[in-house]
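Here's the structure, in structure tokens; my notes come after.
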Amino acid sequence: MRNVLMIHAATLAALSMLSASPAAAEGKGDRAKAAVAEAQGKIDALNAMDARGEVPRMSADAMAALRSAQDQLRAGHKDAAIEAAHSASHIADTAIGVAQRERRESNAAAQADAAMAAQAQVAGARDQAAAAQDQAADAQQRADAANARAASAEQAASAAAADAAAARASAQQPATSVTTETTRTAAVAPRVVHRTVHRTVHRARPAVVTEKTTTTINR
């Protein structure tokens, strides 16, 4: 009795497996198609990223795996198609990650370059401002020196004009002559007369000498 029951159970199990095989096969085919479609979508997204470096090679490897999955699916090798499609998806995922990392690095490098360029512009503007300040200070010094020279020249011109005015005023005034007479008495040497008998001595008579001095005074 037990043997009969065991045989019956085995028969039922076999029948169940036989009846489930078409459904299982049909479900595996759907999974293979879904896997191929998923791999195709990832590869399309990867190609749209227009990445550089190693990504194009990885994209080509993913495409090769996808074509293999499609070929296996058409040949009815559903397990092989699923495996190849999963391989294509894995390669595409890896390539997408690499492309995203490279894009982030490229953006960071571009931002760093922009920041450095901005800093260089700021430094250049500061240098130009400092140079302009130096030029302004130098120009102010030159202007101060020129003003000092102009003031000195103005003073010299004022002094020269004053001297010229004084000279003109002096030239226009009439000259005044003052005559001074000085009377001086000069002694005259005595005149000696020799006579035979008598000796006569004559005293010198004072002589009057008049000197005239003329002094001209300009007023």
Single-linkage hydrophobic cluster, 4.5 Å side-chain cutoff, Met63 and Leu46 together:
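Met63 does not cluster with Leu46.
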Can you name the closest pair of heavy atoms from [X] and [Y] and give their distance?
{"X": "Ala88", "Y": "Ala39", "result": "CB-CB, 3.8 Å"}
{"X": "Met58", "Y": "Ile91", "result": "O-CG2, 3.2 Å"}
{"X": "Leu73", "Y": "Ala32", "result": "CD1-CB, 3.7 Å"}
{"X": "Gln70", "Y": "Val36", "result": "CG-CG1, 3.8 Å"}
{"X": "Ala62", "Y": "Ile43", "result": "O-CD1, 3.4 Å"}

Using the salt bridge (Lys or Arg N to Asp or Glu O under 4.0 Å) rule, collect all pairs that involve residues 102-124, keeping only residues at least two apart or in two chains.
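The answer is Arg101-Glu105.
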Does any non-hydrogen side-chain atom of Val55 lie less than 4.5 Å from one of Met49?
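They are not in contact (no side-chain heavy atoms under 4.5 Å apart), so the answer is no.
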[Y] backbone acceptor or donor facing [X] side chain under 3.5 Å:
{"X": "Ser87", "Y": "Glu83", "value": "no"}
{"X": "Thr94", "Y": "His90", "value": "yes"}
{"X": "Ser152", "Y": "Ala148", "value": "no"}

Got a sec, which residues hit side-chain hydrogen bond (donor to acceptor under 3.5 Å, both in side chains) with Glu38, two or more places apart in sequence or on another chain?
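Listed in chain order: Lys42.
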What residues form a side-chain hydrogen bond (donor to acceptor under 3.5 Å, both in side chains) with His77, not counting sequence neighbours?
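In terms of side-chain hydrogen bond (donor to acceptor under 3.5 Å, both in side chains), with neighbours along the sequence ignored, His77 is linked to Gln72.
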Check the surroundings of atom CZ in Arg126: do more than 12 heavy atoms from other residues, nucleotides or ligands lie under 6.0 Å from it?
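No, the 6.0 Å shell around CZ holds no more than 12 heavy atoms from other groups.
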Test side chain to side chain contact (heavy atoms under 4.5 Å, CB included) applied to Lys78 and Lys33, step by step:
CA-CA 9 Å; Lys78 299 178 181 62; Lys33 291 178 182 179; over 6 Å; no
Looking at Arg57 and Asp61, is any side-chain nitrogen of the basic one under 4.0 Å from a carboxylate oxygen of the acidic one?
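Yes.
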Hey, are Gln111 and Asn107 close enough side-chain-wise for a donor-acceptor pair under 3.5 Å?
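Note: Asn107 and Gln111 side chains miss the donor-acceptor criterion.
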Measure the CD-OG distance between Gln40 and Ser89 for me, rounded to the nearest 0.5 Å.
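One gets 10.0 Å once the value is rounded to the nearest 0.5 Å.
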